[in-house]
Every structure is written in C-alpha cells, then in structure tokens.
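The structure appears below as structure tokens.
Treat the numbers as computed from the prediction; the structure is a model and nothing was measured.
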Amino acid sequence: MFFFILTNNNSNKMFFLFILFFSTLISISSNSWFGCWIGLEINLLSFIPLISNSKNLLSVETSLKYFLTQSLASINFLFMILIKFSLLKNFNMNNIISIMMNSSLLMKMGSAPFHFWFPNIVEGLSWMNNFMLMTWQKISPMILLSYYFNKNFLIFMIIMNLIIGSLGGLNQTSLRKLLAFSSINNLGWMIFSIMISENLWLFYFLIYSMMIFMMISLFFLMNMYFMNQLFINNMNFFIKLNLLINFLSLGGLPPFMGFMPKWIIINFLLINKFYFLTFIFMMTSLIIIYYYIRIIYSSFMFNYFKMKWVNLLMKNNMSLINLSSFISISSMILSTFIFM
Amino acid sequence: MSLLKTNVITSVKYLRSFSVLCRKSNQDHHLKKCPILFNTQRWLFWERHRKGGYDTTIKTSNWEHLKNGLVELKHELKLFAKELKELYDMDPLLIARPGEIDLLWCFNSPTVLEKFVTTCDSDHGEGYSSCNLEMSPAGRALFHGYLDTRVPKDGRIKKAGYCAMRSKMQRKSFKRASTFDWHLYNTLVLKVRGDGRAYLLNISTEGYYDITWNDIYHYILYTRGGPYWQVAKIPFSKFVLGSKGRLQDKQTRMRFDKVTHFGISCGDKIVGKFNLEIEYVGLEFDPTHDEEFAYEMYKTDKYIVAV
C-alpha cells in the first residue's frame with residue numbers, strides 16, 4: 001500500500017494515512033470517553049480525503065455518503081457519552097446507555113442492523129481504499145466496544161451479523177459487495193471474540209487482515225471488480241489456485257490459515273455450552289463457503305476464450321501469488337510446531 | 001406534443017428567487033403571469049427540483065388518487081411476489097456472452113412505447129417544435145416530428161428547437177425507483193433507420209445527490225437516410241459527459257451500475273421534419289474493446305483549477 005502511494009507521487013495520501021494511524025491510537029488509549037470520541041472524529045476526518053478522488057463522480061458520491069453515516073454515528077456516541085456523564089450515579093439507565101453507545105459503535109463499523117451503508121460504499125471505492133475500510137477502520141470501534149458492552153445486546157447483534165452477512169452475499173455479482181457481506185459476517189466472529197478476550201480478538205483480526213490483504217491484492221493486480229471478469233480473463237492456473245486457497249481460507253476451511261481463529265472461538269463456545277450460537281456460527285459459515293465455492297468452481301470450469309492479445313500483468317510477477325498461497329496453506333500447521 | 005399530457009396551466013406558477021444569493025434577471029412587471037420560472041442568475045449549485053422547475057404534475061383529487069391506488073395494488077403485489085421469487089432463486093446473470101445482444105427494448109408492439117416519454121420545446125411554451133412516438137407502417141417505433149428553431153418572442157428564451165424521447169424511470173414494486181445495472185456490458189447497440197440527420201443518444205445516470213441529477217452522457221449518432229437499416233454499436237467509453245447540455249471540462253467515465261434513463265433527442269438546428277425508426281435498443285459485451293475512456297484528461301499542475 002505504501003509502495004503504491006510512493007510510486008504515484010502522492011504525498012498527500014501519506015500525510016492522511018499518518019493521521020489515520022494516530023487517530024486510532026488516540027481513540028484506544030485515551031483516559032476518558034471524550035478522548036475516544038475525538039479519536040473517532042479525527043479518524044473520519046483523515047479517511048475522507050483518502051477516499052474522495054475528484055476525477056471520479058462515483059467516489060465523490062461515496063465519500064459524501066460515508067461522511068454522513070459516520071458523522072451521524074459519532075453524534076450519537078457523543079450524546080450518549082454526555083448523558084452517561086450527567087447520569088453518573090443513576091445505575092438504572094446503564095443498560096439503555098450501554099445499548100445506545102454500542103449501537104453507535106456498531107454503526108461506525110458497519111455491523112448489522114446498521115449495515116445498509118456498508119455494501120453501498122464498498123461498491124464505490126477502489127480496492128486499496130476498501131482494504132483500509134475493512135481492516136483499519138474496524139479497530140477503534142471494536143476496542144471501544146470492548147470497554148463498555150452489553151452482553152445480551154451484543155449476542156443478538158452477532159446473530160444478526162452472521163445471518164445477514166451470509167444471506168446478503170448470495171445474490172451478488174460484484175466482488176466488492178461480496179467481500180463486504182463476508183466482512184459483515186466476520187464482524188460477527190470478531191465481536192464475539194472481543195467478548196471472550198482482547199488477545200483473541202487481536203489474533204482473529206490480524207489473521208483476517210492478512211487474508212483480506214491477500215484477496216484484495218490479487219483482485220487489485222488483476223483489476224477485477226465483477227464476477228464476470230473472473231471468467232473472462234485468461235487466468236493462469238496458479239492464479240486460479242491461489243484464488244481457491246484464499247477464498248477457502250477466508251471461509252474458514254481447514255487446513256488453511258483462516259480456520260485457526262475460528263477453531264479457537266468454537267472451542268470456547270462449546271466449552272461454555274453456547275450450543276445454539278455454535279449452530280448459527282456453523283450454518284452461516286456453510287452458506288458463505290457455498291457462495292465462495294460457486295465463484296471458484298465457475299472460474300475453474302468456464303473456459304471462455306483465451307485471447308492471444310490480452311496481456312496479463314501477473315504472468316511475469318508470480319512471487320506474491322506464490323507467497324500468499326504458501327502462507328495460507330502452511331501457517332496453521334507450522335504454527336503448531338512453534339506454539340504447541 | 002408529449003405522451004404525458006399536461007393540463008392547460010390555468011394557475012400561475014411564479015417561482016420567486018429562492019435564496020438571497022440569487023438575483024432576478026428580469027424585473028418587468030408585465031411578465032409576471034408567465035407560467036415557468038424566471039432564469040435567475042444562480043450562484044449556488046443546489047437544485048431545488050429534480051425536473052428543473054417545470055411543473056409537470058397532473059392535478060388529481062385525493063379521492064381519485066385513492067381509487068387509482070387501489071386499482072394498481074393488485075399489479076404491484078404481483079410484481080412484489082415476482083421480486084421475492086427472484087431473490088429466492090439467487091441466480092443473478094453472471095456473464096454477458098460476447099456476440100449476443102441483450103435487448104433492453106424491442107419496439108415490435110405498441111405496449112413498449114408506453115415506457116417512453118416524449119418532450120419538446122413547445123410543451124412549456126418555449127418553442128414551436130412538435131414530436132410524436134408511434135408505431136410506423138413497418139411495425140417498428142417511429143420517433144418523428146417537426147423541428148423548429150424559431151424563438152418565441154417573449155424575450156425569455158434565447159435558443160429553441162429540441163425534441164426528445166426518454167425512457168421512464170425504472171420502477172420496482174410499489175413504485176420504488178430502481179436503476180438499470182449494465183456492469184456486464186460495454187457496448188450499446190441500436191438498430192435504426194434514420195433520415196440522415198444527427199441524433200443525440202443520452203444516457204442519464206442520476207446519482208444520489210442533486211449535483212449529479214442533470215449529468216447526462218451524450219453521443220452523436222449520425223444516421224444514413226434510406227431504406228436500409230443500420231446497426232450502430234457504440235461502446236460506453238465513447239460517451240461524453242455533459243451537465244444540463246453543457247459539456248464538462250472534467251470528463252469522467254460513465255458509471256454502469258446505476259443508469260437511470262436512456263433517451264434519444266433531435267436538436268441539430270436544421271428546421272424541418274425528422275423521422276427516426278427504431279427496431280431495438282440493446283446491450284452487448286465486446287471483449288475486444290478494452291478502452292476505458294476515450295477522452296484523455298491531461299495531467300495539469302495542481303494550481304490550475306477546474307481540470
């Protein structure tokens with residue numbers, strides 16, 4: 001990402017990325033809720049210039065929509081913080097205030113039932129901006145969520161996230177929207193892991209970011225935004241194989257890397273007898289893997305036309321592809337040698 | 001004449017300047033009773049009305065609205081059931097096969113003509129042209145009329161002479177606005193039989209905000225007169241961006257995922273009859289066409305504004 005920015009002579013983006021990085025740190029390390037809010041606002045302020053590109057009408061519209069939804073959530077959060085301060089000794093209101101604060105943070109993240117802006121905006125952004133939106137922008141709301149959450153409310157939200165993330169992606173033809181719904185589903189897993197322990201959340205988040213980075217870098221290099229481009233381009237066999245491995249890893253299928261964090265969460269769920277929740281986690285994962293396999297199967301089987309004059313960038317630079325496939329296949333097994 | 005008949009405007013609609021930042025350009029009192037808005041000098045980009053201030057509503061009473069609504073309820077419920085079934089099937093169109101033309105409108109029956117609306121400058125007293133969209137003797141749609149560039153002598157209008165047909169807004173069930181999704185395609189295909197005049201193809205992609213409400217992508221279609229049909233295949237990369245008719249300095253590529261209207265207009269300043277017979281309008285995916293956008297935007301230094 002940095003390399004891409006440096007090569008484009010775009011020092012403005014570097015500046016805003018720097019502020020974005022620090023805003024998250026401000027948000028999670030502040031002593032007071034007010035400082036958290038400040039971090040969230042600076043986050044919004046620095047992200048908007050990164051995504052608005054005045055040469056493209058669609059990205060302008062997208063950045064305005066992003067601004068409106070995020071500022072609404074921020075206003076809500078600030079108001080709830082102020083109410084909390086003023087009603088400090090009134091413990092009856094704690095439940096309601098925690099629900100409202102959690103709702104505003106969930107809206108910031110794009111979690112169900114406040115997810116309606118998320119696929120829309122992801123559709124309007126380029127791949128690199130999507131990567132930032134799906135990974136970095138989730139950190140500060142999630143950590144703030146871990147500071148003051150309402151357990152029953154969050155479990156209900158998790159169930160909604162899982163169901164909406166799995167069912168929403170079934171009828172999609174745009175790769176961006178597909179990854180958006182997959183992100184909503186993974187948010188469900190991540191919110192649950194926050195309720196278990198922050199360490200586990202960090203582990204899940206890092207692995208998720210790595211997987212998403214591999215997928216997005218593949219789509220970015222191939223310049224693919226829609227499913228029909230998967231079938232039409234003359235892809236190398238190894239690129240298709242990489243697609244298979246990464247998609248299945250994202251879906252959480254063993255022996256790929258993506259299975260590891262899900263395994264630990266399911267372990268916790270079953271030890272603590274959350275059987276119904278386990279069932280929902282499993283079933284929704286199944287639906288997600290179904291639509292990933294639909295894409296991979298089609299890309300392997302459809303043999304459209306191999307046009308000689310269509311030149312693919314990837315033919316000369318396979319090292320990233322090979323590295324990502326290797327990491328996805330072997331990390332789970334190698335990690336057992338290191339840690340266990 | 002337009003397919004959407006407007007009542008004779010008896011009530012006067014005199015839209016005043018809506019902001020202190022606007023100045024009225026014409027202070028004459030004897031022009032107070034004109035039925036359209038003054039062309040005030042605008043210093044803002046804000047669009048108050050989607051239709052640009054032209055009043056095209058048909059005045060019906062609430063009781064009539066209710067009766068019409070009940071009649072349409074059955075039809076809308078059927079549409080809703082169809083949508084739910086499509087959602088349940090979960091089988092979206094994934095590929096547009098090359099060489100196949102997916103037709104948007106095939107003008108072989110009069111019912112298809114109801115999906116279009118014709119407009120011309122005489123509708124609101126801005127000119128003397130007339131147009132009509134009917135079935136031709138050959139069984140296809142015929143967009144014909146008379147283009148007149150005479151300016152009405154009221155001093156309001158400087159130029160006149162346009163006739164246009166435009167598709168109605170796509171609707172889902174219960175009159176929800178919907179859009180075309182053309183991301184699978186990259187070429188527009190038209191089979192027409194013209195009269196040698198140049199027509200403008202307009203693709204409108206009204207976005208969410210009012211800044212882009214008037215953004216239309218244009219392409220000039222030159223027709224051959226004569227008894228033979230012509231198939232025009234126009235890639236989307238060749239369309240030029242214009243807003244309210246003015247070509248923009250900063251050109252961008254058309255967005256395919258939310259297209260709202262498609263239209264054809266005639267405004268080539270030649271006084272006389274025009275006839276355009278259309279057989280179909282369709283879309284195609286041409287894999288050999290890999291141009292993203294035909295018009296080059298030169299990289300300028302950052303202190304040069306508006307480019």
Side-chain angles (χ1 to χ4, degrees), chain A residues 8-12 53-68 117 119-121 123-124 166-178 223-234 287 290-291 294-295 297-299 302 304-312, chain B residues 45 83-99 181-186 205-217 241 243 248-259 285-290 292-293 295-302 305-307:
Chain A
N8 269 1
N9 295 329
N10 218 339
S11 53
N12 295 338
N53 172 14
S54 63
K55 292 193 187 352
N56 187 356
L57 288 172
L58 179 58
S59 71
V60 168
E61 188 178 302
T62 302
S63 59
L64 194 54
K65 277 187 201 166
Y66 181 75
F67 171 72
L68 286 172
W117 60 273
N120 216 332
I121 282 181
E123 181 73 20
S166 59
L167 296 179
L170 281 168
N171 205 11
Q172 299 297 338
T173 51
S174 161
L175 286 171
R176 286 178 286 195
K177 275 197 177 153
L178 203 79
N223 201 21
M224 284 202 283
Y225 291 96
F226 293 101
M227 273 208 260
N228 61 340
Q229 288 169 297
L230 280 168
F231 313 137
I232 284 162
N233 286 333
N234 185 6
I287 298 176
Y290 162 69
Y291 64 70
R294 198 170 63 170
I295 299 173
Y297 179 85
S298 312
S299 79
F302 281 172
Y304 252 79
F305 23 87
K306 290 193 175 4
M307 292 201 294
K308 290 186 184 153
W309 59 84
V310 172
N311 230 351
L312 263 193
Chain B
F45 288 111
E83 266 172 43
L84 283 177
K85 187 171 178 298
E86 259 183 49
L87 205 65
Y88 175 73
D89 282 337
M90 284 179 280
D91 192 16
L93 195 60
L94 284 179
I95 294 198
R97 285 185 286 207
D181 184 10
W182 293 351
H183 73 269
L184 293 170
Y185 309 102
N186 65 359
T205 54
E206 282 171 24
Y208 192 70
Y209 299 108
D210 65 335
I211 292 180
T212 51
W213 277 351
N214 296 311
D215 282 358
I216 302 182
Y217 287 87
L241 171 64
S243 175
Q248 300 297 299
D249 288 332
K250 214 184 232 182
Q251 288 288 330
T252 56
R253 202 178 72 135
M254 197 169 94
R255 57 183 292 194
F256 305 141
D257 55 345
K258 286 194 166 69
V259 174
F285 173 67
D286 184 6
T288 60
H289 184 85
D290 51 6
E292 285 216 6
F293 189 54
Y295 307 105
E296 213 176 53
M297 288 299 299
Y298 296 99
K299 275 207 173 95
T300 53
D301 294 332
K302 289 203 192 286
V305 189
V307 177

So, does B/Tyr209 use its side chain to make a donor-acceptor pair with the main chain of A/Lys65 at under 3.5 Å?
yes
Portion of A/Glu123 that has a non-hydrogen atom of chain B nearer than 4.5 angstrom:
side chain
Contacting moiety of A/Leu230, where chain B heavy atoms sit under 4.5 Å
neither
Among B/His183, B/Met90, B/Arg253, B/Gln251, residue most engaged with chain A (heavy-atom pairs, under 4.5 Å):
B/His183
For chain B, find which of A/Gln172, A/Arg294, A/Glu61 contributes the most heavy-atom pairs closer than 4.5 angstrom.
A/Glu61
Counterpart residues, salt bridge (charged side-chain N to carboxylate O under 4.0 Å, His left out), relative to B/Glu83 (two or more places apart):
B/Arg176
Just checking A/Ile295: does its CD1 atom have more than 12 heavy atoms from other residues, nucleotides or ligands closer to it than 6.0 angstrom?
yes
Does a sphere of radius 6.0 Å around CZ in A/Phe67 hold more than 12 heavy atoms from other residues, nucleotides or ligands, not counting ones at 6.0 Å or beyond?
no
Using a 4.5 Å cut-off on heavy atoms from C-beta on, say whether the side chain of B/Leu94 contacts that of A/Asn228.
no
Counting only heavy atoms closer than 4.5 Å, note whether B/Asp215 contacts chain A via side chain, backbone, both or neither.
side chain
What part of B/Leu241 gets closer than 4.5 Å to chain A, counting heavy atoms only: side chain, backbone, both or neither?
side chain
